[in-house]
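Before any comments, here is the structure.
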Number of protein chains: 2
Amino acid sequence: MDDKIQAQTEEELSLRLFIVLTRALNAIKKSVEEEIKSLGLNPTEFAVLEMIYSKGEQPIQKIGEKVLIASSSMTYVVDKLEKKKLIQRKACPEDRRITYATITQAGTDLLDAVFPEHKLALKEICAGLTTEEKKVMIKQLKKLGQYAQNV
Amino acid sequence: MDDKIQAQTEEELSLRLFIVLTRALNAIKKSVEEEIKSLGLNPTEFAVLEMIYSKGEQPIQKIGEKVLIASSSMTYVVDKLEKKKLIQRKACPEDRRITYATITQAGTDLLDAVFPEHKLALKEICAGLTTEEKKVMIKQLKKLGQYAQNV
DNA sequence: TATTGTTATACTCTATAACTATA
DNA sequence: TATAGTTATAGAGTATAACAATA
């Protein structure tokens, strides 16, 4: 009870965490979104593209689960990325209900070109924390996110 | 170099942090938004209402800065909350360009009634972390957010 | 001239529901 | 019957630009 934070209940702490989390992400996003926008992409498109870029081809629905949007919205996003020649649909031979989204050469080239800058910008933005602090936070955020998704 | 995380560069760590942050918040939001929706509010409206609830009346623009939306969008949000009788516009006598948003009795009553549940739900969602971990994370997120906003 | 807030407008994203095809 | 994805549709939220009132 001798300091402000210790006096808070678990509920208040969680609320505080949620608010602070929202603010922090909003602040980061504001900067990053301008950068992404300059590529002609929106945050969702970038998230999808980046996922395929780093994880390889994925069933469209699997992507939707990660990005947390409805399947019809995934169709919309994939359409847009396909029109921009950054990804391609590819049938799954084993299960013909499934369609993979796979990155094109142009998509790979784009991210190869942009990723270093993107990461550099993020480094600048996140420079408020030390390396150690980032590592701890990543670990904890993963725990938090995974738990939250299963509530 | 003896573990996966240690091998990452500062850039990659920051990228990872951003991704994990996004996922964690999305997961939490998904749960919270349903709850908020059941009040007939959207996340932005709730954020605005909550800010006035806890911080007292605020110039409309100040709110917009916190929530990070354009001033015309603030007009839209304030209109909606005012139609729902949860907040009220109030002129500023000293500077007649300024309009305060102030919470009504109905707004206060609503949040008084809902806040305990809201916090409880958040507690459940955030139960993946211990009290100590939450406190640390709040502190770090604040640092991160404040720094990011000034980049 | 700069700032606060509003109006008018257009557009992007997302969700819902109904559907097709495959399993 | 259940799952993956699409189509059609509608609506919500946000931004941009031009503006009015005030400082």
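Throughout, a chain's letter reflects where its sequence line sits, starting with A, and its residues are numbered from 1.
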Side chain of A:Asp95, heavy atoms from C-beta onward: which of C:dA23, D:dA12, C:dT6 has the nearest atom to it? C:dA23
Tightest non-hydrogen contact, residues A:Pro116 and A:Ala113, listed as CD-O, 3.8 Å
Does the side chain of A:Arg97 get closer than 4.0 angstrom to OP1 or OP2 of C:dT22 through an N or O atom? no
Among side-chain atoms of B:Ser14 and A:Lys119, is any donor-acceptor pair under 3.5 angstrom? no
Quick one: does A:Thr99 reach the base of D:dA4 with a side-chain donor-acceptor pair under 3.5 Å? no
Looking at B:Lys80, I'd like to know whether one of its side-chain N or O atoms comes within less than 4.0 Å of OP1 or OP2 on D:dA12. no
Quick one: B:Glu45 CD to D:dG11 C1', roughly how many Å, whole number? 14 Å
Between P on C:dG5 and NZ on B:Lys90, what's the gap in Å once rounded to a whole number? 14 Å
Report the distance from atom CZ of B:Phe46 to atom C1' of D:dA12, rounded to the nearest whole Å. 19 Å
Indicate whether any N or O donor in one side chain lies under 3.5 Å from an N or O acceptor in the other, for A:Ser71 and A:Gln61. no
Among C:dT22, C:dT6, C:dT4, the nucleotide that comes nearest once only the side chain of B:Gln61 is considered: C:dT4
5'-most by nearest nucleotide on DNA chain C - A:Glu94 or A:Val77: A:Val77
A:Asp79 CG to C:dT12 P: how many Å, rounded? 15 Å
Taking CG from A:Leu68 and P from C:dT14, how many angstroms apart are they, rounded to a whole number? 11 Å
Give A:Glu65 one of three labels, base, sugar-phosphate or nothing, depending on what nucleic acid heavy atoms sit under 4.0 Å from its own. nothing
Using whole Å, report how far CZ of A:Arg96 lies from P of C:dA21. 11 Å
Quick one: does A:Ser71 reach the base of D:dA4 with a side-chain donor-acceptor pair under 3.5 Å? no
Exactly one candidate in B:Leu111, B:Leu41, B:Leu39 meets side chain to side chain contact (heavy atoms under 4.5 Å, CB included) with B:Leu86; the answer is B:Leu41
Give a yes/no answer on whether the side chain of A:Ser72 brings an N or O atom under 4.0 Å of OP1 or OP2 in D:dT7. no
Please report, rounded to the nearest Å, how far the P atom of C:dT4 is from the CD1 atom of B:Ile69. 16 Å
Within a radius of less than 6.0 Å around NZ of A:Lys80, do more than 12 heavy atoms belonging to other residues, nucleotides or ligands occur? yes
Where the side chain of B:Tyr76 is concerned, which of C:dA15, D:dG13, D:dA15 is the nearest nucleotide? D:dG13
Rounded to the Å, how far apart are A:Ile98 CD1 and D:dA2 C1'? 13 Å
Any side-chain N or O of A:Ser73 less than 4.0 Å from the OP1 or OP2 oxygen of C:dA15? yes
